[in-house]
Every structure is written in C-alpha cells, then in structure tokens.
Number of protein chains: 2
Amino acid sequence: MEKVSKPHAARMVFAKNLRQVRRLKEVSQEALALQAGLSRTYVSEVERGERNVSIDNMGLLADALGVKLKELLDPEMLKTL
Amino acid sequence: MEKVSKPHAARMVFAKNLRQVRRLKEVSQEALALQAGLSRTYVSEVERGERNVSIDNMGLLADALGVKLKELLDPEMLKTL
DNA sequence: ATGTGACTTTAAGTCCGTA
DNA sequence: ATACGGACTTAAAGTCACA
C-alpha cells in the first residue's frame with residue numbers, strides 16, 4: 001500500500017512550525033502580524049491551520065521571523081534546532 | 001545595507017524549481033496538472049510566477065512530482081541535484 | 001505541448017467585536 | 001496575548017477559447 005499524503009499535510013506542518021518558531025523567538029502573534037504586514041486574526045488562523053495561506057504571505061511570515069521559508073515547510077524542523 | 005528580500009522572491013523560487021523538476025522528470029504540464037488534480041492553464045501560470053499559489057496546491061504539486069515541498073522552496077535546489 | 005486574456009466562483013484576508 | 005464569530009472586500013481558484 002502506498003502511503004498517500006493527507007490533503008492538508010503541508011498546511012499543518014507550516015502552521016505548527018510557524019507557531020513553534022514564533023514562540024521560540026518570544027514574539028506575539030500581534031507583533032508578528034505587524035512585522036509581516038498582515039492582520040492579527042489572520043495569523044491566528046494560519047497558526048491553527050484553518051487558512052490555506054498563499055506563498056506570498058508565507059514569504060512575508062518567514063521574513064518577519066527571520067527564518068528561511070523552506071525551514072517552515074520541514075516536517076522535521078524541531079530536530080534541526 | 002541590509003539586503004531586503006523582494007516581495008515575490010519565494011513565489012519565483014517555487015515557480016523556477018517546479019518547472020525545473022518537472023522537466024527533469026520529463027513530464028508535461030498537462031500530465032502534472034492531471035496528476036495533481038489541477039487545470040493545465042493554472043499550472044502554466046504558476047510556473048511563470050503569475051499566480052500566488054496556495055500551500056494546499058503547492059503540496060499537491062510537490063506530491064505529483066514526487067518531491068518534498070521544502071525542496072521546491074529551496075533557492076539552491078539546482079545544486080542539491 | 002504551452003502561453004495568454006477574459007471570465008465566474010470560491011476562498012483568502014481584513015476589520016469589527018466578544019470572551 | 002489569543003481564539004473565535006460575523007460581515008465585508010479582495011484576490012486566488014478554476015475554466016475556456018484562441019494564439
């Protein structure tokens with residue numbers, strides 16, 4: 001049996017990593033949203049995997065946190081820290 | 001001077017890598033679109049960086065090509081091949 | 001086999017509030 | 001500081017005909 005990846009797998013990885021990195025850097029959702037030029041409520045939803053975030057906004061969020069975008073897409077990100 | 005990343009940097013990296021991997025695997029836009037469950041014209045636009053593609057669709061495209069999504073976001077992807 | 005413009009439908013993204 | 005909801009506007013998703 002081929003393991004087929006779930007529909008929102010990438011979305012959930014990004015959501016989880018985003019929150020993890022943000023907390024590690026001790027920045028609030030508000031501050032992150034401001035830095036990225038996005039709304040606070042939106043960032044909240046992205047972190048919970050409720051929004052199908054676009055690549056442009058992913059780039060803004062990665063930049064705002066000072067990390068590479070590819071890192072936020074890495075399911076193993078925790079270990080690389 | 002701090003080098004500030006351009007607005008659509010991530011989008012263009014993804015576009016370029018997507019096309020590169022697709023051609024390397026010798027699959028047409030049509031076949032890729034079919035495999036990913038997307039329209040052919042849409043894939044064409046994504047590869048040219050004209051569409052602000054969502055993370056869900058990025059996941060579908062990465063899966064269809066049999067690569068990790070994080071690889072398609074790596075600006076240095078060429079060298080890792 | 002791919003690029004492009006025009007188009008409609010859907011969901012992204014914002015802003016207000018509450019707890 | 002964050003989750004969540006409603007109402008709203010903008011942009012992405014998705015399709016088509018033709019170059």
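Side-chain atoms are counted along with the backbone in the values below, which use heavy atoms only and exclude waters and symmetry mates. By convention in this document, chain letters (A, B, ...) are assigned in the order of the sequence lines, proteins followed by strands, and residues within each chain are numbered from 1.
- Between A/R19 and A/S44, the shortest heavy-atom distance links the atoms NH2-O, 4.5 Å.
- When base pairs are accepted only as Watson-Crick or G-U wobble with both N-N or N-O distances under 3.5 Å, DNA chain C takes part in stems of 3 or more pairs at C:3-19 with D:2-18.
- Distance B/L38 CG to D/dC16 P: 15 Å, rounded to the nearest Å.
- Contact annotation for A/R19: backbone-only contact, meaning every heavy-atom pair under 4.0 Å involves sugar-phosphate atoms and none involves a base.
- Rounded to whole Å, atom C1' of D/dC4 lies 15 Å from atom CD of A/E47.
- Using modelled atom types, no side-chain atom of B/N17 and backbone atom of B/P75 make a donor-acceptor pair closer than 3.5 Å.
- Between the CG atom in A/L65 and the CD atom in A/E71 there is a gap of 10.5 Å [rounded to 0.5 Å].
- Of the listed nucleotides (D/dT15, C/dA1, D/dC4), D/dC4 has the atom at the smallest distance from the side chain of A/T41.
- Taken residue by residue, residues 49-62 of chain B places heavy atoms nearer than 4.0 Å to DNA chain D at B/R51, B/N52, B/V53, B/S54, B/N57.
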Please lay out, stage by stage, how B/L69 and A/F14 fare under the test side-chain contact (heavy atoms from CB on, under 4.5 Å).
CA-CA 11 Å; B/L69 179 50; A/F14 182 78; over 6 Å; no
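- The nearest heavy atom of DNA chain C to A/G37 and to B/R22 marks one nucleotide each, and the one closer to the 5' end goes with B/R22.
- Following rounding to the nearest Å, A/L34 (CG) and D/dT2 (P) show an atom-to-atom distance of 13 Å.
- Between A/L18 atom CG and D/dT2 atom P there is a gap of 11 Å when expressed in whole angstrom units.
- Of the residues near DNA chain C, B/Q29 and A/V43, the one whose nearest nucleotide (by heavy atom distance) lies more toward the 5' end is B/Q29.
- In this model, the phosphate group of D/dG14 is not approached by any side-chain N or O of B/Y42 to a distance below 4.0 Å at OP1 or OP2.
- To the nearest angstrom, C1' of D/dC4 lies 15 Å from CD of A/E30.
- Applying the salt bridge (Lys or Arg N to Asp or Glu O under 4.0 Å) test to every pair with at least one member in residues 55-68 of chain A, sequence neighbours left out, gives these pairs: A/D56-B/R11.
- Using a 4.0 Å heavy-atom criterion, one finds that B/S44 contacts the bases of the nucleic acid, with or without backbone contacts as well.
- Counting to the nearest Å, the P atom of D/dA11 and the CZ atom of B/R11 are 12 Å from each other.
- For A/E50, the salt bridge (Lys or Arg N to Asp or Glu O under 4.0 Å) partners two or more places apart in sequence, or in a different chain, are A/R48.
- A straight line from CZ of B/R40 to P of C/dA1 spans 10 Å, rounded to a whole angstrom.
- For the pair B/E45 CD and C/dC7 C1', the interatomic distance rounds to 12 Å; values are reported in whole Å.
- OP1 or OP2 of C/dT14 sits under 4.0 Å from a side-chain N or O of A/S39.
- Looking only at side-chain heavy atoms (C-beta outward), A/I55 and B/L73 come within less than 4.5 Å of each other.
- In terms of the side-chain contact (heavy atoms from CB on, under 4.5 Å) criterion, residue partners of A/Q20 (sequence neighbours excluded) are, by chain and number, A/M77, A/L78.
- The salt bridge (Lys or Arg N to Asp or Glu O under 4.0 Å) contacts involving residues 21-37 of chain A comprise A/R22-A/E47, where partners must be two or more places apart or lie in separate chains.
- In this structure, CG on B/L60 lies 10.0 Å from CG on B/L32, to the nearest 0.5 angstrom.
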